[in-house]
Enquirer: 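One structure is given below, represented as structure tokens, and several questions about it will come after.
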Number of protein chains: 2
Amino acid sequence: MDRQQIDTVRRFNRTVTQRIGALEDGYLHRGRPLGEARFLFEIGPDGADVQQLRDRLNLDSGYASRLLRSLERQGLVTVGRDAEDGRRRRVMLTETGLAEFAAYDGLSDELAGSLLASLTEAHRARLVAAMADVERLLKAGGIVLEIEPSDSADARWCLEQYFSELAARFEEGFDTALGASPDEVLVAPPDGAFLVARLDGRPVGCGMLRRDGEVIGEIKRMWVSPSVRGAGLAGRLLARLEEIAREFGWTHVRLDTNRALAEAQAMYRKAGYRPIDRYNDNPYADFWFEKAL
Amino acid sequence: MDRQQIDTVRRFNRTVTQRIGALEDGYLHRGRPLGEARFLFEIGPDGADVQQLRDRLNLDSGYASRLLRSLERQGLVTVGRDAEDGRRRRVMLTETGLAEFAAYDGLSDELAGSLLASLTEAHRARLVAAMADVERLLKAGGIVLEIEPSDSADARWCLEQYFSELAARFEEGFDTALGASPDEVLVAPPDGAFLVARLDGRPVGCGMLRRDGEVIGEIKRMWVSPSVRGAGLAGRLLARLEEIAREFGWTHVRLDTNRALAEAQAMYRKAGYRPIDRYNDNPYADFWFEKAL
DNA sequence: TCCATTACCTGACTTTAGTCAGGTAACCTT
DNA sequence: AAGGTTACCTGACTAAAGTCAGGTAATGGA
């Protein structure tokens, strides 16, 4: 990897952790131990399960319990049984707890504001834009792609998101019965592959490759969660699916798309796909593309 | 301040501390307590004084001493008297210490690399550029401007940097005797002001305002350290000097500049300065500007 | 119905980080 | 040469963070 890029990243890490870290110290815990403050903040106005808190903050169960007792003693939270599962416990902020939360929220705003405070409006806008970019791309870098059965829980979840987005965006609506062909129920090597993209373990995108003739593959069900758009995930999914197709020994991949999905078309073209004639009877397809591998 | 900007900054803080923090944990200390690891890394291949280390890492003197003893016991450092001042102690890495340092250095590279690893070349370039921007502007936001006597240690240091830069950039060289007029020896309100810009206590820029007639001020000695250029510091200095002039009740400010300093001219024009006729006999001046306040 | 599992809890610990008071030797000023 | 200051040290302490073993009650499956 490029020496200069590495150096820039290291300088970035240094400056950012220094500047943000310095502000957070003794500022974001209001006289409370940092662990407690983070715990309280993580509970949030809507409450949370102890379990959620434990794995969001990566805490030992004993430690979490102790923090909870401490907050309870301070009158900041109440702990009750979960209605559905009596073992599980639900934490809610009390009146006072909510006030504390609001105070932390305000401090976070202040902290963020203080990073911008002494800049001119133009530079401030530039900083915020750069931060948004860094955030988006850093997130993107943490996304991992995995092949898995197309009927796994996460795969199903992604498909649900995908279909409901199609229903919202297609002028003609979307009916799963017409658009989702039955033979795709389970896609697996060597006749295809279903790819799930995950960020910190949570699915944020998917894509599917399926055999369509001896040496041709069809790409379908490409979906990227709105929370990570604009960071090239679609391109990565596409590239990975093509790679898989190549490994299967296929020579071409093709796909169809609807006129409502303009950004998808643009991406396919940029990735080297060329328009071809209709090759299927998908009622929702308006354009057909192909690429030689 | 803009709600949307604040939210972007908060999202940025969250994502960055999560992603970088997660990687640093248990990665950047090689089984050693974090404090020790940072101390070792800070010593560096060239060694350092205990004092330097103490205030770079903000450590209590007792604590620093203890860390030092621990590293010594592990055979990673040697501590010797300073040649010039017997009280002061100089820390050097041993052979093993150097190897450890190199390991940390490598890990930092790896960490940086891992943030870029799964991105495409184009997105990687975009991320690095955005990081550079964030770093530059975040630094800029930490810079504070202060009025102080033009003969303070930091003011003198800035002027030295300024003059040596002029000497390097002017085609005709620069001779302090000709360019620095004697009556500016000490500039102070209400006849002018010397501004020093500091980042984390270290001077990174300066600018001076001096009475030139009843209601006119002259701006001189504008200098910005190369380490913080491109983040609008010159503009901030200029704006602040104008503000001061306005407070003095002056109606105009003017200044001169050399043909070699093209970026300065551009900045003055953008800030509303208009070319005027020669108003002084500065042998190094090629252009003269004025602005009504 | 029994038994393994799960979610959470308590008590007893350790490590890390950091503070504070008081000391010694080197240095600096007068 | 005396007295204050500085740089570093040691010992005694504390708080925070985190780990581990063993427990209890609710749940789920055979």
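What's counted below: heavy atoms across the whole structure, side chains too, no hydrogens, waters or symmetry copies. Residue numbers begin at 1 in each chain, while the letters A, B, ... track the order of the sequences.
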Enquirer: In whole angstrom, give the distance that lies between atom CZ of B:Arg90 and atom P of D:dC9.
Expert: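 So the CZ-P distance, B:Arg90 to D:dC9, works out to 14 Å.
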
Enquirer: Does A:Arg56 CZ have over 12 foreign heavy atoms under 6.0 Å away?
Expert: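 Check passes, neighbour count above 12.
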
Enquirer: Pairs of donor and acceptor atoms involving the side chains of residues 136-143 of chain B, under 3.5 Å and at least two apart or interchain, shall be tabulated with distances.
Expert:
| residue | atom | partner | partner atom | Å |
| --- | --- | --- | --- | --- |
| B:Arg136 | NH2 | B:Asp133 | OD1 | 3.0 |

Enquirer: Provide the full list of ring pair (Phe, Tyr, Trp, His ring centres under 6.0 Å) pairs with a residue in residues 74-110 of chain B, sequence neighbours left out, each pair given once.
Expert: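 Listed once each, the pairs are B:Phe41-B:Phe101.
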
Enquirer: What residues form a side chain to side chain donor-acceptor pair (under 3.5 Å) with B:Arg90, not counting sequence neighbours?
Expert: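 Listed in chain order: B:Asp49.
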
Enquirer: Starting from C1' on C:dT24, measure out to CZ on B:Arg88 and report it in whole angstrom.
Expert: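 Roughly 18 Å, once rounded to whole Å.
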
Enquirer: Mind listing the side-chain donor-acceptor pairs of residues 75-88 of chain B below 3.5 Å, one per line with the distance, residues two or more places apart or on another chain?
Expert:
| residue | atom | partner | partner atom | Å |
| --- | --- | --- | --- | --- |
| B:Arg81 | NE | B:Gly86 | O | 3.1 |
| B:Arg81 | NH2 | B:Gly86 | O | 3.3 |
| B:Asp82 | OD1 | B:Glu84 | N | 2.7 |
| B:Asp82 | OD1 | B:Asp85 | N | 3.3 |
| B:Asp85 | OD1 | B:Arg87 | N | 3.0 |
| B:Asp85 | OD1 | B:Arg87 | NE | 3.1 |
| B:Asp85 | OD2 | B:Arg87 | NH2 | 2.8 |

Enquirer: Restricting to side-chain contact (heavy atoms from CB on, under 4.5 Å), what partner residues turn up for A:Ser114, sequence neighbours left out?
Expert: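 Applying side-chain contact (heavy atoms from CB on, under 4.5 Å) to A:Ser114 gives A:Leu23.
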
Enquirer: Considering only heavy atoms, which members of residues 48-72 of chain A lie under 4.0 Å from some atom of DNA chain D?
Expert: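 Nucleic-acid contacts, sorted: A:Asp60, A:Tyr63, A:Arg66.
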
Enquirer: Do any pairs count as a ring pair (Phe, Tyr, Trp, His ring centres under 6.0 Å) and have a residue in residues 59-79 of chain B, sequence neighbours left out, and if so which ones?
Expert: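 Output for this query is empty, none listed.
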
Enquirer: Go through the structure and list residues passing side-chain contact (heavy atoms from CB on, under 4.5 Å) with B:Arg14, not counting sequence neighbours.
Expert: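 By the side-chain contact (heavy atoms from CB on, under 4.5 Å) rule, B:Arg14 matches A:Glu42, B:Gln18.
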
Enquirer: Atom pairs, N/O to N/O, protein against nucleotides 26-30 of chain C, distance under 3.5 Å?
Expert:
| residue | atom | partner | partner atom | Å |
| --- | --- | --- | --- | --- |
| C:dA26 | O3' | B:Gly86 | N | 3.3 |
| C:dC27 | OP1 | B:Gly86 | N | 2.3 |

Enquirer: Please state how far atom CG in A:Leu34 lies from atom C1' in C:dG18, giving the value in whole angstrom units.
Expert: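 Going from A:Leu34 (CG) to C:dG18 (C1'), I get 15 Å.
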
